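What follows is a set of notes on a single structure, which appears directly below.
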Amino acid sequence: MAPLSEAKQLETLLELQRDLALEANVEKVLLRITLAATFMLEADRATLYVVDQTRNELWSRALTQGGERGESVLEINEIRLPLDGTSLAADVARTGTLLRIDEPYGDPRFDASVDARTGYRTRSILVVPIDSRDRRRLGVLQAVNHADGPFRSEDERYAVSLATSAGIALEYVQLSEDLAAERLRVVKVAEEERHRLARDLHDGVAQTLANAALGIELAQRRAKQDVPAAMADLEQLRGRLLESQKGLRDILFALRPLVLEDAGLGAAARALAERINGQNGSHVVARRVDADRRFAPEVEAGAFTVIREAANNAIKTGRAAEVSIDVYEDGGAVIAMVEDNGKGFDVASTLQGYASRGSLGLLQMRESARLIGAQLSLDSSPGQGTRVRLVIPFA
Ligand SMILES: Nc1ncnc2c1ncn2[C@@H]1O[C@H](COP(=O)(O)OP(=O)(O)OP(=O)(O)O)[C@@H](O)[C@H]1O
Ligand SMILES: [Mg+2]
């Protein structure tokens, strides 16, 4: 069987992340992750075990198995493994170290009695720990029998990435309902953004690099007969690479602008204004930017997320807008303000309609403001332009 291409695996991962962002039911999320593990790792079966501290056990919270790899899920009896017993899953749960084993029967940590009981033959196995973000062990994800022999080293990376998603989902279970719903919203916003960035990287830079390699090969061939034509090809290629470099810089800036860490909010606001000025026919200026007070990095990052989203919304509205950005100190706080004279919008009805829309911008602004303990106000009405104001208290 032909191995899955990396593009296909990336696609699966992105698809999964999108689904997770939309799914609030934890059982479904775990099942979805386990199914994705079966498919991406080309495994015959996969099991997601959860640590049950009170009983000192691992129990299978989601498992897939059977021939229709990735598509069929069989509800078989729950598996419970003692945390201090012999099994690869328990070993990984105890040590937190990933295990990739090509010949389990030669490994003392492998418990062959399960195979003996069920008649199943374990040939290769990959087990990764599932941890919370504060490094508590929540479970393990186990994949058994790769389609073509042993698991490969890239399978480890995918398994770790899936375990990270599983960790987020399991953390969610442990929180109280209200708190959990809130957390999930934050995760959604973050996942959505990662998804967007991954897509940009995949469609933009990765594509250009692949095309460039091809273009160089063609130019090399051409050069044998027609050097000037080959030179022209290369010149064109160079132009495309430079463009792509700019695209990559934009993505890096979107991930985290270095200037924010180096010089703070004011400098980052100025860099932003310069970067987006002229886009969509807009005119963006850093008007009153004179606050030089620094905050904790996560506070600055959250505040900048708000400023950037507000500025991007302002230049997106379709009418050539005048946009100004202010960052100044006033009465024990830094005020960050983005104002535009664009077409304005109905804030209340837009915020109410979120469930049915695909966008996340205003929601992300609100979450970011809340997380950093700042107050956000949105003033807008159709025809009146928009003002987004963020008050970040010093303390
Ligand atoms: N400055 C603004 N001027 C006019 N309309 C705005 C402005 N900011 C937001 N809106 C309106 O509010 C809607 C929701 O904004 P939001 O940022 O949540 O979504 P989006 O920008 O459309 O998509 P996303 O941010 O997810 O890429 C926008 O589609 C737009 O109609
Ligand atoms: Mg937006």
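Computed from a predicted structure; not experimentally measured. Read the numbers this way: they start at 1 and go in the same order the structure lists the ligands and their atoms.
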| Taking the side chain from R80 and the backbone from E57, do they hold a donor-acceptor pair closer than 3.5 Å? | no
| Got a sec, which residues hit side chain to side chain contact (heavy atoms under 4.5 Å, CB included) with R238, two or more places apart in sequence or on another chain? | E235, L242
| task | Using distance alone, determine whether G361 and ligand 1 share an N or O pair under 3.5 Å. | result | yes
| Should T350 be counted as touching ligand 1, given the test is an N or O pair under 3.5 Å? | no
| request: Would you kindly check if the NZ (Lys) or CZ (Arg) of R152 is within the cone defined by 45 degrees around the ring axis of Y158 and under 6.0 Å from the six-membered ring centre? | output: no
| field | A310 N/O under 3.5 Å from ligand 1 N/O | value | no
Please table the atom pairs, donor to acceptor, closer than 3.5 Å between any side-chain atom in residues 198-212 and protein atoms at least two apart or in another chain.
from : atom 1 : to   : atom 2 : distance (Å)
T208 : OG1    : G204 : O      : 2.8

| Polar protein atoms near the Mg ion (ligand 2) [N, O or S; cut-off under 2.8 Å] | E309 OE2, N313 OD1
| request: Kindly determine whether S132 and D134 satisfy side-chain hydrogen bond (donor to acceptor under 3.5 Å, both in side chains), including the steps that lead there. | output: CA-CA 5 Å; S132 64; D134 57 358; 2.4 Å; yes
| said: I need the contact type for M365 against ligand 1. Using non-hydrogen atoms and a strict under-4.0 Å cut-off, is it side chain, backbone, both or neither? | reply: neither
| Heavy-atom contacts under 4.0 Å between N312 and ligand 1: side chain, backbone, both, or neither? | neither
Could you pull out all donor-acceptor pairs under 3.5 Å where a side-chain atom in residues 382-395 meets a protein atom, sequence neighbours excluded?
from : atom 1 : to   : atom 2 : distance (Å)
T386 : OG1    : S380 : OG     : 2.8

| Using heavy atoms and a threshold below 4.0 Å, how should the contact between R387 and ligand 1 be classified: side chain, backbone, both, or neither? | neither
| message | Is there a polar contact between ligand 1 and N313, counting only N or O atoms under 3.5 Å apart? | response | yes
| message | With heavy-atom distances below 4.0 Å as the criterion, list the atoms of ligand 1 near R196. | response | 26 (O), 27 (O)
| Contact partition for E309 relative to ligand 1, non-hydrogen atoms under 4.0 Å | side chain
